**Q** 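Starting off with a structure, shown below.
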Amino acid sequence: MSELARPATLSLGQVLLDCKLLTADQLRAALSVQSGDSQRKMLGEILIERGLVTQEQLLRALAQAKALEFIEDPRGDADVAVRALVPESIRNEHMVLPMSLSDGTLVVCTSNPDDFVVNERLARITGFRIRVAVSTPERIEAAFAVPMPEVETVAERNGAQTDNLVAEILDNLDHVVGEVTESQTAEMAAGAEEASSGPVVRLVNHIIACAVSEGASDIHIEPDDGHLRVRLRVDGVLHERVKPPYRMHAAIASRIKIMAKLDISERRVPQDGEISVRVSGRPIDLRVSTLPGKFGEKVVMRVIDVGGSRLPLEKLGFRESTAALFKEVIDEPHGVVLVTGPTGSGKSTTLYSVLAGFDTVAINVSTVEDPVESNIPGVHQTQTNVKAGLTFSSALRSLLRQDPDVIMVGEIRDSETAQTAVQAALTGHMVLSTLHTNDAPSAVTRLVNLGVEPFLVAASVRGVLAQRLVRRNCSQCKTAYIPNAADRLSLGKYAASATQLMKGIGCRRCHERGYAGRVGLYELFVPDAQILEAISTNEDLSVIRHLLSERGFETLWDDGMQKVLAGLTTPEEVHGACRR
C-alpha cells in the first residue's frame, strides 16, 4: 500500500522490553489478556488501560518497531500549504496531518499507523504515494490550529496531480510482473512472493478500502474468458469497480488466500477463511470463500462490521405501530419468535438489534450462530463447528443446561433443531431464530414440514416477522414528481393517496444511482386464538391467510407502499422485493 510496507525490525513488545518500559512478566500478562479479549483490543490499548505505559511511550515504541519517524512537534515541521491536499473532514475524522510533499510522496503524521484503510484512502484522494510518520493525538490536534492557505496556492506550488490510483497500481503491476504466459500462471499462484509484491498488496488493499468506504456487503473477484472483474455489492446491487488484467488473477487470489491463511497451492477445491482488519479504529471481518471455475478461482468476501453499533427498530425501517407490536411479542417471557426472508434480507441485523435491547445484567442471553457476525456486549455467543460436531441442535441442547432466559439460534434448518427450539420455548425460554420462507404465515407450514406437531407450533409460536430490504431514495437528490397512469396502477389501493411521489435523480453522493442506503419492509404475524386453533388442527395455509385478511393483516407489499407514499423508496423497488 503506497509506501507503507516497511520492515518491522522488532515487535512492539520487544521494543518496550529493550526500553525497560515493561518487564517480561508484565508483557506476558498483557498478551494473555489480549488473547482472551472478545473486543479484539490492540496490545497497546491493553498496556495503556493497565497503566503500564503512557500513550506517548507506546507511540514512540511503535514507531521504532515499524522503522517510522516519530515527530516531536508536528506544528513546527508541517507545511501548512500541503495540508490542503486532504479535505478537512477527513483530516478531522481520522486525525491525520499532511506534513510535506516531495517527489510524489506525501508524508502524513498520525497516531494510528496501523490503519491501512485510512492510508489507502489518502492515497486515492490525493493521487500521491503515502509515507507515514507518528506523533501523539494532542500534538497533531495542536498543529491543526495553524492557519492554512487556499487550495489554489497548493495547486500552483506543487502542480495538480490527477493520476488515478488504480491506473498507477496497474502500471506498476505491468512493470513488476510483465507478460505472464499460461504455463507461468500456475507457478505464480503457488508462490507467495508474487502475491506479496507491493503492487499486488496495494491493489488488494485498495479493493478492501473501497468496499468498506462504500458500505459494500460483499466483494466479488471473478475471472472470465480472458477478463477479470471486481464487483462490490452496495445496497443489494453489484457494481463493477475495477478490471485488473486477467494475468493478475492468480496473484490477487493468492494474496487474499495468504491474508485468510488458506492453502495457496490448492486450487481444485473450495476453501473458506477469514481476514480481520481495522478500519478507522473499528474491527472489520472479511469472510472469504473461494470456488474453482473454468477460468480460475472465484473469490467472494463478505464484509462484516464486527464492532458495528446496533440500531433501534425504528431506524431499521419499522413503522411505529409494527415496532410497538413486535416489542410486545419479544417481551413475552417464553415462546418462539421467528424472522423470515431470503438470504440478504437483513434477518440477522434485526435479531442483533433485538438482542442489544435486552437487559443483559438481569437476564442470561446466549446465541448459537454460523458465523458470529457481530459482538454484542453481555451476550454469550457460540460459533457452530460442524467438523467438531457442534451443530445448531447440539449447541442448543447444551445451552439449555446453561440456565438461559433468551436464546438466539442463527437458523432453524433441520428437524432436530426445530423440535429442540420448540421444546425450549415450551419449558419457559424465549427462543429467537430465522427461517427461509417467502412470507410470515408460511413459517407455520415450514415448522410442520420440519416435523413439529401442529399443536406444538400453536402452543409455542408467539410471532413471525417477514422482511425484505429495498434501496432508499438518496436524501440529497430525491425529487418530487406527479405519478403517471402506470405509476398509479402499480400503487393499487394506495393510488388515491398518491398526489406526488419521490425519486432520486442521481448525484455525487449516491454515485448517480438515485439510491443511497436501504430500508426494511416488514409484515408481522401475531396469531390470535382463532388462528391458533386453525394452526393446532393443521388447517391449510389458505385458511390462515383468509383469517388474517379478515383482520386487516398488512403484508410486505402494504408496508412497502406506505414507505413509497412517505418518500422513502420507489414502487419499482417494492415490487421487485415482494417478488423475491
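Please read these numbers as outputs of a predicted model, since none were measured by experiment.
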**Q** Out of Leu450, Val409, Thr391, Val422, which one pairs with Thr417 under the side chain to side chain contact (heavy atoms under 4.5 Å, CB included) rule?
**A**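 Going through Leu450, Val409, Thr391, Val422 one by one, the side chain to side chain contact (heavy atoms under 4.5 Å, CB included) with Thr417 is satisfied by Val409 alone.
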**Q** Below 4.0 angstrom, N of the basic side chain to O of the carboxylate: do Asp235 and Arg472 qualify?
**A**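 Arg472 and Asp235: not salt-bridged.
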**Q** Which pair of heavy atoms, one from Arg509 and one from Ser475, lies closest together, and at what distance?
**A**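 Distance-wise, the nearest heavy atoms are NH1-OG, 3.7 Å.
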**Q** Begin with the C-alpha distance, continue with both residues' side-chain angles, and end with the deciding distance and a verdict on side chain to side chain contact (heavy atoms under 4.5 Å, CB included) for Ile363 and Val406.
**A** CA-CA 8 Å; Ile363 63 174; Val406 177; 4.0 Å; yes
**Q** Ignoring hydrogens and geometry, is there a side-chain-to-backbone donor-acceptor pair from Arg462 to His334 under 3.5 Å?
**A**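 The answer is yes, because a donor-acceptor pair under 3.5 Å joins these two groups.
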**Q** Is it the case that the side chains of His94 and Arg121 hold a donor-acceptor pair, with the cut-off being a distance below 3.5 Å and no angle test?
**A**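 Looking only at side-chain atoms, His94 and Arg121 do form a donor-acceptor pair, the distance falling under 3.5 Å.
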**Q** Got a donor-acceptor contact below 3.5 angstrom from the Asn385 side chain to the Ala388 backbone?
**A**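 Flag set: sc Asn385 to bb Ala388 pair under 3.5 Å.
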**Q** Walk me through it: do Val303 and Leu286 pass the test side chain to side chain contact (heavy atoms under 4.5 Å, CB included)?
**A** CA-CA 5 Å; Val303 183; Leu286 302 169; 3.8 Å; yes
**Q** Can you tell me if Lys347 uses its side chain to pair, donor with acceptor, with the backbone of Pro342 under 3.5 Å?
**A**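 A pair under 3.5 Å: yes.
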**Q** Under a 4.0 Å threshold between the charged nitrogen and the carboxylate oxygen, would Asp558 count as salt-bridged to Lys493?
**A**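 Salt bridge present between Lys493 and Asp558.
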**Q** Ignoring hydrogens and geometry, is there a side-chain-to-backbone donor-acceptor pair from Thr434 to Gly410 under 3.5 Å?
**A**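 Yes; at least one donor-acceptor contact below 3.5 Å.
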**Q** How many angstroms lie between atom CE of Met301 and atom CG of Asp218, to the nearest 0.5 angstrom?
**A**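 The CE atom of Met301 sits 10.0 Å away from the CG atom of Asp218.
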**Q** Would you name the heavy atoms of Leu565 and Ser497 that are closest together and state the gap between them?
**A**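 Minimum heavy-atom contact is CD1-CB, 4.0 Å.
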**Q** Judged by modelled atom types alone, do Asp370 and Gln383 share a side-chain donor-acceptor pair under 3.5 Å?
**A**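 Checked: Asp370/Gln383 side chains pair up, N/O donor to acceptor below 3.5 Å.
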**Q** Please name the pair of heavy atoms, one in Ser490 and one in Met561, separated by the smallest distance, quoted to 0.1 Å.
**A**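 Residues Ser490 and Met561, closest heavy atoms: O-SD, 4.3 Å.
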**Q** Is there a side-chain contact between Ile275 and Val288, using heavy atoms and a 4.5 Å cut-off?
**A**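 Of all side-chain heavy-atom pairs linking Val288 with Ile275, at least one is under 4.5 Å.
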**Q** Would Glu297 and Lys257 pass as an ion pair if we require N to O under 4.0 Å?
**A**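 Judged by the 4.0 Å cut-off on N to carboxylate O distance, Glu297 and Lys257 do form a salt bridge.
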**Q** State which residues pass side chain to side chain donor-acceptor pair (under 3.5 Å) with Tyr515; sequence neighbours excluded, sorted by chain then number.
**A**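 Only Thr570 meet the side chain to side chain donor-acceptor pair (under 3.5 Å) criterion with Tyr515.
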**Q** Strictly below 4.0 Å, N to O, side chains only: are Glu573 and Lys563 in salt-bridge contact?
**A**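 Salt bridge: no.
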**Q** Is it true that Glu416 and Arg397 have a side-chain N and a carboxylate O under 4.0 angstrom from each other?
**A**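 Between Arg397 and Glu416 there is a salt bridge, with a charged N closer than 4.0 Å to a carboxylate O.
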**Q** Do side-chain atoms of Asp405 reach the backbone of Val365 as a donor and acceptor pair under 3.5 angstrom?
**A**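 Pair absent, no side-chain N/O of Asp405 close to backbone of Val365.
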**Q** Measure the spacing between CZ of Arg446 and NE2 of His436 and express it to the nearest 0.5 Å.
**A**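 Reported value, rounded in 0.5 Å steps: 9.0 Å.
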**Q** Drop me the distance from Leu501's CG to Lys478's NZ, to the nearest 0.5 angstrom.
**A**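 Going from CG on Leu501 over to NZ on Lys478, the span is 12.0 Å.
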**Q** State, to 0.1 Å, how close Gly504 and Asn473 come at their nearest heavy-atom pair, and which atoms those are.
**A**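 In this case the closest contact between Gly504 and Asn473 is N-OD1, 3.7 Å.
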**Q** Compare every heavy atom of Gly506 with every heavy atom of Cys477, then report the nearest pair and how far apart it is.
**A**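 Looks like SG-N, 3.2 Å.
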**Q** Any donor-acceptor pair under 3.5 Å linking the side chain of Gln467 with the backbone of Gly520?
**A**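 Answer holds: no.
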**Q** Using the six-membered ring wherever Trp is involved, compare the ring planes of His575 and Trp557 and label them parallel, tilted or perpendicular (cut-offs 30° and 60°).
**A**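 His575 vs Trp557 ring planes: tilted.
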**Q** Taking Thr427 for its side chain and Gln423 for its backbone only, find out whether a donor-acceptor pair lies under 3.5 Å.
**A**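 Here the side-chain-to-backbone pair exists.
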**Q** Please report the interatomic distance CD1(Ile221) to CD1(Ile207), rounded to the nearest 0.5 Å.
**A**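 Here the interatomic distance stands at 4.5 Å.
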**Q** If you round to the nearest 0.5 Å, how far is OG of Ser433 from CG of Leu351?
**A**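 Answer for the CG-OG pair, Leu351 versus Ser433, is 7.5 Å.
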**Q** Check the pair Arg241, His220 against side chain to side chain contact (heavy atoms under 4.5 Å, CB included), reporting the backbone distance first and the verdict last.
**A** CA-CA 10 Å; Arg241 278 293 168 269; His220 291 242; over 6 Å; no
**Q** Nearest 0.5 Å, please: how far is CZ in Arg545 from CZ in Phe525?
**A**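 Going from CZ on Phe525 over to CZ on Arg545, the span is 10.0 Å.
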**Q** Residues in side chain to side chain contact (heavy atoms under 4.5 Å, CB included) with Gln419, at least two apart?
**A**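 By the side chain to side chain contact (heavy atoms under 4.5 Å, CB included) rule, Gln419 matches Ser415, Val452.
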**Q** Can you find a side-chain donor-acceptor pair between Gln381 and Glu369 that sits under 3.5 Å?
**A**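 A pair is found: one side chain offers a donor N or O, the other an acceptor, under 3.5 Å apart.
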**Q** Taking the side chain as every heavy atom from C-beta outward, state whether Val368 and Met408 have any atom pair closer than 4.5 Å.
**A**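 With C-beta onward as the side chain, the pair stays apart.
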**Q** Going by heavy atoms in the side chains, are Ile407 and Leu432 under 4.5 Å from each other?
**A**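 Contact flag for Ile407/Leu432 side chains = no.
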**Q** Please give me the minimum heavy-atom distance between Ala458 and Leu532, naming the atom from each residue.
**A**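 Smallest interatomic distance, heavy atoms only, reads O-CD2, 3.3 Å.
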**Q** Against Leu524, only a single residue in Asp559, Val464, Leu325 fulfils side chain to side chain contact (heavy atoms under 4.5 Å, CB included); can you say which?
**A**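 With Leu524 as partner, Asp559, Val464, Leu325 yield a single side chain to side chain contact (heavy atoms under 4.5 Å, CB included), made by Leu325.
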**Q** Would you confirm whether Thr322, through its side chain, and Phe318, through its main-chain N or O, come within 3.5 Å as a donor-acceptor pair?
**A**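 Absent.
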